[in-house]
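What follows is a set of notes on a single structure, which appears directly below.
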Amino acid sequence: MANNTAQATQQPAKHFNLVRCVATCLLALIVLVGLAALINWLVIRPKRFVYTLENGSVQNFNLTDNHLNATFDFVLGAYNPSSKISVYYDHIEFTVTYEDQTLAFNTIDPFFQPHRNVTRVESKLEALNLALSPSTFKDLTIEKSSGEIDVDVHLMSRIRFKVGTWKSNHHTLRIVCSSVTLHFSWYKHFEKKPCEVEL
Ligand SMILES: *[C@@H]1O[C@H](CO)[C@@H](O)[C@H](O)[C@H]1NC(C)=O
Ligand SMILES: *[C@@H]1O[C@H](CO)[C@@H](O)[C@H](O)[C@H]1NC(C)=O
Ligand SMILES: *[C@@H]1O[C@H](CO)[C@@H](O)[C@H](O)[C@H]1NC(C)=O
Ligand SMILES: *[C@@H]1O[C@H](CO)[C@@H](O)[C@H](O)[C@H]1NC(C)=O
């Protein structure tokens, strides 16, 4: 008799547990789907961030015996059009390349960019007695004699997004500004160059 009552109370308990489990699973699923949508939104939206190379110049340029000395100055305009997302930029690495050969690189300090903000990031990159491949040396010498050179500027940063008090994981941000023309004559002005973003 005692056994029977125990079974009778156990049965509804089991049933209740099942309902609770299904409800919990459903809730977890909804939360997961919501989270996936949020992450998607965060990853897609920041692609609208706009990066422009606003100024670039080269000084102390000297090509001798397959070696290069040069000082590059770049100003990157970073525009965050979002009204909700702010961005933490860890060390941004600037690299200037010519025909896929790295000429110089430098890193700038981390900074925080609020929403709806334009930040100008400046960097000075130096090539000090850099050994060039013979073909790169030859092409660079020819281009230099024309009064301008075309380089590529690559930027790499680890970023985190902030929405309200929530902060995302790190994402790798790659920015490429291709065919950036640097003039050797002082009277020629730098032409702003839009850059491409990879997240
Ligand atoms: C670009 O940089 C050069 C060299 O630093 C400077 O003389 C020039 O005024 C700058 N141009 C702009 C638009 O900031
Ligand atoms: C370039 O560097 C070489 C070797 O250091 C030097 O002899 C030459 O005078 C330099 N040329 C210029 C234009 O500064
Ligand atoms: C670059 O500068 C260094 C130090 O000032 C000098 O020793 C070297 O000869 C220079 N190289 C070129 C290619 O100008
Ligand atoms: C963008 O944010 C930086 C850093 O907080 C600030 O110094 C700068 O004035 C802001 N620029 C604009 C246009 O709001």
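Each ligand, and each atom within it, is numbered from 1 in the order the structure gives. No hydrogens, no waters, no symmetry mates; every other heavy atom, side chains included, goes into these values.
The nearest protein heavy atom to atom 11 (N) of ligand 1 is closer than 4.0 Å. At a distance under 4.0 Å, a protein heavy atom can be found next to atom 2 (O) of ligand 2. For atom 5 (O) of ligand 3, the protein comes within 4.0 Å by no heavy atom at all.
Distances below 4.0 Å separate heavy atoms of H67 from the following atoms of ligand 3: 13 (C). Heavy-atom contacts of T64 reach the following atoms of ligand 3: 13 (C) (cutoff under 4.0 Å). Listed by number with element, the atoms of ligand 1 under 4.0 Å from a non-hydrogen atom of S57 are 4 (C), 5 (O). Heavy-atom contacts of L128 reach the following atoms of ligand 3: 2 (O) (cutoff under 4.0 Å).
For atom 14 (O) of ligand 2, the nearest non-hydrogen atom of the protein is N62 ND2, 3.3 Å. Of all protein heavy atoms, the one closest to atom 7 (O) of ligand 3 is N129 ND2, 4.9 Å.
One finds the CG atom of L53 at 10.0 Å from the CD1 atom of I175 (value rounded to the nearest 0.5 Å). Atom CD of E93 is separated from atom CZ of R158 by 12.5 Å, given to the nearest 0.5 angstrom.
The cationic atom of K144 (NZ for Lys, CZ for Arg) lies less than 6.0 Å from the six-membered ring centre of F184 and within 45° of the ring axis.
Judged by distance alone, the side chain of D152 and the main-chain N or O of D100 form no donor-acceptor pair under 3.5 Å.
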Would N117 and T119 count as a side-chain hydrogen bond (donor to acceptor under 3.5 Å, both in side chains) if you check the C-alpha gap in whole Å, the side-chain angles of each, and the deciding distance to 0.1 Å?
CA-CA 6 Å; N117 174 272; T119 300; 2.6 Å; yes
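Ring geometry for F49 against F161 counts as perpendicular: the plane angle is over 60°, on a 0 to 90° scale with 30° as the lower cut.
No single ILVMFWY cluster, assembled from side-chain heavy atoms under 4.5 Å apart, contains both F105 and I108.
Considering backbone and side-chain atoms together, N55 places an N or O closer than 3.5 Å to an N or O of ligand 1.
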